[in-house]
2 protein chains.
Amino acid sequence: MPRIVDHEERRAEIVLALWLVIAEHGIEGVSLRQVAAAAGVSMGRIQHYFGTKEALVLAGCNALVDNAYAGYQETADATPRDRLLHVVSQQIPENDAGRIGVSVWYAYVAKSINHPAVRQVLAEARRGAEDECARLIRAGRSDQGAGDEADGGACDPAALEQARRLLALADGLTLRVLVGDLEPAEALATLQAEVDHV
Amino acid sequence: MPRIVDHEERRAEIVLALWLVIAEHGIEGVSLRQVAAAAGVSMGRIQHYFGTKEALVLAGCNALVDNAYAGYQETADATPRDRLLHVVSQQIPENDAGRIGVSVWYAYVAKSINHPAVRQVLAEARRGAEDECARLIRAGRSDQGAGDEADGGACDPAALEQARRLLALADGLTLRVLVGDLEPAEALATLQAEVDHV
DNA sequence: CCTGTTACGATGCGATCGTATTGCTAAACG
DNA sequence: CGTTTAGCAATACGATCGCATCGTAACAGG
């Protein structure tokens with residue numbers, strides 16, 4: 001049989017180029033030729049690994065949420081409060097790399113409005129993040145508050161609403177930082193105050 | 001001279017068709033032909049009134065913020081608290097018309113990331129909304145709290161940060177409702193609680 | 001009535017798009 | 001040492017794009 005290459009690595013290279021194109025020209029600026037040029041490969045290669053533009057864009061979306069999840073799992077041995085702060089403030093861009101990542105993320109968010117497949121991927125990720133945040137909030141409470149340990153699922157809805165509030169606030173602040181209306185430090189300070197207030 | 005038509009009315013018709021196309025296919029689905037078909041007019045007409053696709057899209061953005069501002073001014077004789085609630089929750093979609101409006105708004109938000117002209121329009125609108133919210137917050141405080149009336153611009157930054165928090169939270173909640181993760185009633189309840197808490 | 005200008009509709013053009021197709025090349029296997 | 005097949009590069013193709021251009025119909029002013 002013929003020569004074998006690392007399939008996943010090739011795909012990752014192309015997806016990275018896709019993200020660069022999205023960050024620079026938005027999702028409407030994505031064409032196979034542009035991505036191929038950014039990756040320094042031929043159009044044929046992209047077709048070989050993704051088949052269709054639609055599949056490429058969707059793969060880029062999945063890779064994005066996989067990346068975020070991997071980043072979260074690296075905080076496995078931190079305190080619940082710190083992990084919560086990480087989830088909530090990870091998307092605040094602090095450098096150029098962060099700006100690229102979050103601008104790509106927002107591009108997908110906008111696309112999800114009219115694109116069911118993208119919407120499903122993002123909705124699943126969002127639900128996962130909310131559940132995880134709710135868990136962290138409960139864990140943080142039972143850490144310090146030594147009063148009532150008898151809760152198992154009773155205060156669940158309250159914690160989940162708190163999680164939703166936190167994540168929604170983070171989304172809104174992220175957008176302002178991304179557009180340049182807000183300094184990253186201010187957004188982080190607001191989020192930190194909110195996390196500590198919970 | 002030749003026949004005279006209502007310039008603004010023609011433009012408004014075309015902009016409305018533009019919004020419909022954006023709401024249905026996203027901003028990447030906008031083409032002069034699509035908008036012309038949605039408006040039931042010829043491409044030539046759009047070219048006549050807007051010249052360029054770029055100008056059309058930008059006009060649609062300006063019309064959007066003008067609309068929102070007009071809606072706000074209709075609440076001129078309400079209490080500060082109610083006006084604040086209006087500004088913050090106006091974008092939560094409650095019916096299909098609202099969904100169209102807010103999905104168009106989010107499409108522009110995403111475009112603003114890579115498009116300086118759109119960004120400037122939205123940034124200006126956002127700053128106006130924040131200032132107005134800060135004013136309403138101060139007004140609401142001096143209404144009930146009869147203690148310290150000696151503030152003029154001293155508690156300004158605090159009120160402005162509160163305004164930013166509120167609007168960012170509203171953006172995040174709006175997005176969740178738009179994508180279908182959250183019921184409009186839940187988002188409104190969260191926002192109302194937050195407004196009353198201020 | 002004539003004329004000049006606005007308000008378009010219709011059409012053409014070059015560029016770019018996604019995708020299907022073709023064919024070569026390098027390497028694993030018998 | 002073929003033979004086979006994955007891994008591409010190259011290109012062709014039809015569709016669609018924004019925009020420029022051209023032609024015409026309607027109508028206000030002289």
Side-chain angles (χ1 to χ4, degrees), chain A residues 1-61 107-108 110-111 114-118, chain B residues 1-61 107-108 110-111 114-118:
Chain A
M1 295 206 174
R3 71 181 196 269
I4 299 291
V5 302
D6 188 334
H7 221 82
E8 282 313 308
E9 186 183 327
R10 296 275 196 230
R11 287 173 63 99
E13 289 171 5
I14 295 172
V15 164
L16 190 68
L18 168 70
W19 289 345
L20 290 179
V21 173
I22 293 179
E24 194 166 357
H25 302 103
I27 263 203
E28 28 181 353
V30 171
S31 76
L32 294 190
R33 290 162 227 268
Q34 291 266 347
V35 175
V41 303
S42 75
M43 264 177 56
R45 184 122 119 200
I46 300 183
Q47 286 190 273
H48 180 69
Y49 283 103
F50 295 95
T52 242
K53 176 190 177 180
E54 175 85 7
L56 169 65
V57 170
L58 204 57
C61 184
Y108 276 112
K111 190 173 184 62
N114 311 102
H115 196 299
V118 172
Chain B
M1 296 209 176
R3 69 180 196 269
I4 298 291
V5 302
D6 187 334
H7 223 81
E8 282 313 308
E9 184 182 329
R10 297 273 195 231
R11 286 174 65 97
E13 289 170 6
I14 295 173
V15 163
L16 190 69
L18 168 71
W19 289 345
L20 290 179
V21 172
I22 293 179
E24 194 166 358
H25 302 103
I27 262 202
E28 29 182 352
V30 171
S31 76
L32 294 189
R33 289 163 228 268
Q34 291 266 348
V35 175
V41 303
S42 77
M43 261 178 57
R45 183 122 119 201
I46 300 182
Q47 287 189 270
H48 180 67
Y49 282 104
F50 294 94
T52 245
K53 177 189 174 181
E54 175 84 8
L56 169 64
V57 170
L58 204 57
C61 183
Y108 276 112
K111 190 171 186 62
N114 311 103
H115 196 300
V118 172

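A note on names: the letters A, B, ... follow the listed sequences, proteins ahead of strands, and every chain is numbered from 1. These values consider heavy atoms only, across backbone and side chains, with no hydrogens, waters or symmetry-generated copies.
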### Summary
Heavy-atom contacts, protein to nucleotides 8-21 of chain D, under 4.0 Å, summarised as B (base), S (sugar-phosphate only) or - (none) per nt, yield BBB------BBBB-
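When the C1' atom of C:dA7 is taken as reference, atom CG of B:Asp6 falls 14 Å away, rounded to whole Å. Atom CD of B:Glu28 and atom C1' of C:dG18 are 14 Å apart (whole Å).
Screening residues 28-50 of chain B for salt bridge (Lys or Arg N to Asp or Glu O under 4.0 Å) gives A:Lys111-B:Glu28 as the qualifying pairs, with residues at least two apart or on separate chains. Identified under the side-chain hydrogen bond (donor to acceptor under 3.5 Å, both in side chains) test for residues 11-21 of chain A, with sequence neighbours left out: none.
Listed by chain and number, the residues in a side chain to side chain donor-acceptor pair (under 3.5 Å) with A:Glu24 amount to none (sequence neighbours excluded). Under the rule for a ring-ring contact (aromatic ring centres under 6.0 Å, His included), B:Phe50 has no partner lying at least two apart in sequence or in another chain. Contacts of A:His25 classified as side-chain contact (heavy atoms from CB on, under 4.5 Å), with partners at least two apart in sequence or in another chain: A:Val21, A:Gln34.
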